[in-house]
Engineer: 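One structure coming up, written as structure tokens, with questions to follow.
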Amino acid sequence: MTDFIDVLEQQLVAAHRRPERRRLVTVPWRATIVFAGAVAAAAVVVVAVLALSSPSPQPVASSPPTQPPQTTPVTPQPRLSLAVLNGTTVTGLARGVADQLTSLGYDEPNVVTNDTTNQSRVRTIVYFEHGHRTDALGVASCLHIGSDRVAPMDANARALADRAVVAVYVGADWAR
Amino acid sequence: MEPDRDDDALLVAAADDPDAFAAFYRLHVRGVIAYFRRRVRDAELAADLTAETFAAALDGRRRYAPARGPAAAWLYGIARRQLVTFQRRGHVERRARRRMGMDRIELTDEMLERVEAVADAELAEVDVALAALPEDQRAAVRARIVEDHDYDEIAAAQSISEPAARQRVSRGLAALRARMSSQEQP
């Protein structure tokens with residue numbers, strides 16, 4: 001049987017034996033995106049300055065190739081079947097959360113607005129099916145919800161979530 | 001018998017010796033798993049935090065200085081920082097593992113059950129061993145390791161100086177480890 005303690009030990013020993021120089025070139029993906037973004041922004045500025053400072057119709061000898069418009073890439077998120085449920089009487093809360101998740105790169109969640117069983121939920125909770133706790137923590141993190149409000153799916157949430165593996169049950173604290 | 005000296009020496013040797021680091025890891029990994037398991041109440045998160053803690057310890061092993069305290073306290077200081085970061089951000093940091101080129105360990109249900117069992121056994125053992133310590137050491141170790149109090153808080157609570165509080169924790173940990181390692185050997 002594979003054991004976590006043994007696997008971690010193998011990884012640590014392998015990392016210890018690895019030459020340190022190689023480790024330095026490991027750049028976090030966030031830093032890569034920031035660097036790429038900075039290069040792209042600099043290129044746009046250079047093109048703009050060149051365009052504005054040379055109004056004459058004479059063509060520039062070596063004009064840079066036209067760049068497609070730069071857009072901020074949306075962080076790719078794991079493909080999850082998500083549901084957002086409104087546990088309050090305030091309309092539009094679930095839609096707002098769903099839009100926020102979509103804008104962060106998640107697939108369009110199933111927005112459940114016909115829940116009349118509990119409209120007095122105080123706290124927002126992220127529920128998860130077995131094996132999807134890490135996914136739920138990711139969703140909670142994106143919504144700035146603490147890990148203490150991530151919980152296994154209960155029967156009520158499961159009935160409403162319609163096979164979603166992660167369900168955000170929005171409470172009154174979200175409206176504040 | 002001074003197990004702390006051995007422990008500290010092991011971490012110093014680990015600067016250039018992978019086997020020494022592995023020995024240091026084996027000495028503490030169960031305790032660290034139990035430390036997180038007691039706080040996050042989820043074996044998967046406890047394992048993830050344990051992996052990041054030891055990656056950070058491996059990355060920072062050259063910064064350890066025995067004169068500044070026992071190796072165990074240094075390691076649990078790293079664990080504590082990982083826990084605080086996790087509680088603040090809602091997800092486990094991966095920076096140290098990324099820097100060390102370590103992949104995320106995909107945990108199967110069997111592996112999680114084993115992590116759970118290790119944590120349970122360790123917590124039970126620690127409780128038994130703690131109960132056998134002299135009262136002052138037990139209170140100091142419990143305050144530092146179980147309840148996460150700072151040394152100045154422990155010193156104030158026990159009406160002693162901060163260095164005395166450190167010494168009490170250090171001696172308590174040494175006695176704990178001696179008891180627990182003697183239990184492991186039939």
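Each chain gets a letter, A, B and so on, in the order the sequences are listed, and its residues count up from 1. This one's a predicted model, so the numbers in the text were calculated from it and none came from an experiment.
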Engineer: Using every non-hydrogen atom in the two residues, find where M102(B) and A15(A) come nearest and quote the distance to one decimal.
Structural biologist: CG-CB, 4.1 Å
Engineer: Just so I know, are the side chains of E9(A) and V29(B) near enough to count as touching, which here means a heavy-atom distance under 4.5 Å?
Structural biologist: no
Engineer: So which part of D17(B) gets closer than 4.5 Å to some heavy atom of chain A, the side chain, the backbone, both or neither?
Structural biologist: backbone
Engineer: With hydrophobic residues grouped by side-chain heavy-atom distances under 4.5 Å, do V165(A) and V126(A) end up in a single group?
Structural biologist: yes
Engineer: Is V118(B) close to F4(A) at the side-chain level, that is, under 4.5 Å between some pair of heavy atoms?
Structural biologist: no
Engineer: Pick one of side chain, backbone, both or neither for R26(B), based on which atoms fall under 4.5 Å of a heavy atom in chain A.
Structural biologist: side chain
Engineer: Are T134(A) and R104(B) close enough that some pair of their side-chain heavy atoms sits under 4.5 Å apart?
Structural biologist: yes
Engineer: Side-chain heavy atoms nearer than 4.5 Å, only ILVMFWY residues, links allowed to pass through others: does that put V111(A) and V90(A) together?
Structural biologist: no
Engineer: Same hydrophobic cluster for L27(B) and V12(B), using side-chain heavy-atom links shorter than 4.5 Å among ILVMFWY?
Structural biologist: yes
Engineer: Are L49(B) and L123(B) co-members of a hydrophobic cluster defined by side-chain heavy atoms under 4.5 Å apart?
Structural biologist: no
Engineer: As an exercise: rank D19(B), D42(B), D48(B) by heavy-atom pairs under 4.5 Å with chain A and give me the winner.
Structural biologist: D42(B)
Engineer: Please report the interatomic distance CD1(I105(B)) to CG(L8(A)), rounded to the nearest 0.5 Å.
Structural biologist: 4.5 Å
Engineer: If you measure from the Lys or Arg side-chain nitrogens to the Asp or Glu carboxylate oxygens, is any gap between D6(A) and R114(B) under 4.0 Å?
Structural biologist: no
Engineer: Check residues 93-101 of chain A and write down every donor-acceptor pair under 3.5 Å in which the side-chain atom is one partner and the other belongs to a residue at least two apart or another chain.
Structural biologist:
unit_1 : atom_1 : unit_2  : atom_2 : d
R95(A) : NE     : D99(A)  : OD1    : 3.2
R95(A) : NH2    : D99(A)  : OD1    : 3.0
R95(A) : NH2    : E108(A) : OE2    : 2.6

Engineer: Do L75(B) and V84(B) belong together in a cluster built from hydrophobic side chains that touch within less than 4.5 Å?
Structural biologist: no
Engineer: Start with the C-alpha distance between I33(B) and I5(A), add both sets of side-chain angles, then the distance that settles side chain to side chain contact (heavy atoms under 4.5 Å, CB included), and finish with yes or no.
Structural biologist: CA-CA 10 Å; I33(B) 287 174; I5(A) 291 176; 3.9 Å; yes
Engineer: Among V40(B), V92(B), D16(B), which residue has the highest count of heavy-atom pairs closer than 4.5 Å to chain A?
Structural biologist: D16(B)
Engineer: Check whether Y25(B) gets within reach of chain A through its side chain, its backbone, both or neither, counting any heavy atom under 4.5 Å.
Structural biologist: side chain
Engineer: Side chain to side chain donor-acceptor pair (under 3.5 Å) between S147(A) and Q87(B): does it pass, once the steps are laid out?
Structural biologist: CA-CA 7 Å; S147(A) 60; Q87(B) 287 165 340; over 6 Å; no
Engineer: Shortest non-hydrogen contact from S141(A) to H91(B)?
Structural biologist: OG-CD2, 3.6 Å
Engineer: Would you mind reporting whether V7(A) and M111(B) have side-chain heavy atoms less than 4.5 Å apart?
Structural biologist: yes
Engineer: Heavy-atom cut-off 4.5 Å, strictly under: side chain, backbone, both or neither for L45(B) against chain A?
Structural biologist: side chain
Engineer: I'd like to check M100(B) versus Q11(A) (side-chain heavy atoms, cut-off strictly below 4.5 Å). Are they in contact?
Structural biologist: no
Engineer: Go through D148(A), L137(A), L12(A) and name the one with the most non-hydrogen pairs under 4.5 angstrom from chain B.
Structural biologist: L12(A)
Engineer: Only counting residues at least two apart or in another chain, list the ones meeting side chain to side chain contact (heavy atoms under 4.5 Å, CB included) with E153(B).
Structural biologist: H149(B), D150(B)
Engineer: Just so I know, are the side chains of V13(A) and F21(B) near enough to count as touching, which here means a heavy-atom distance under 4.5 Å?
Structural biologist: no
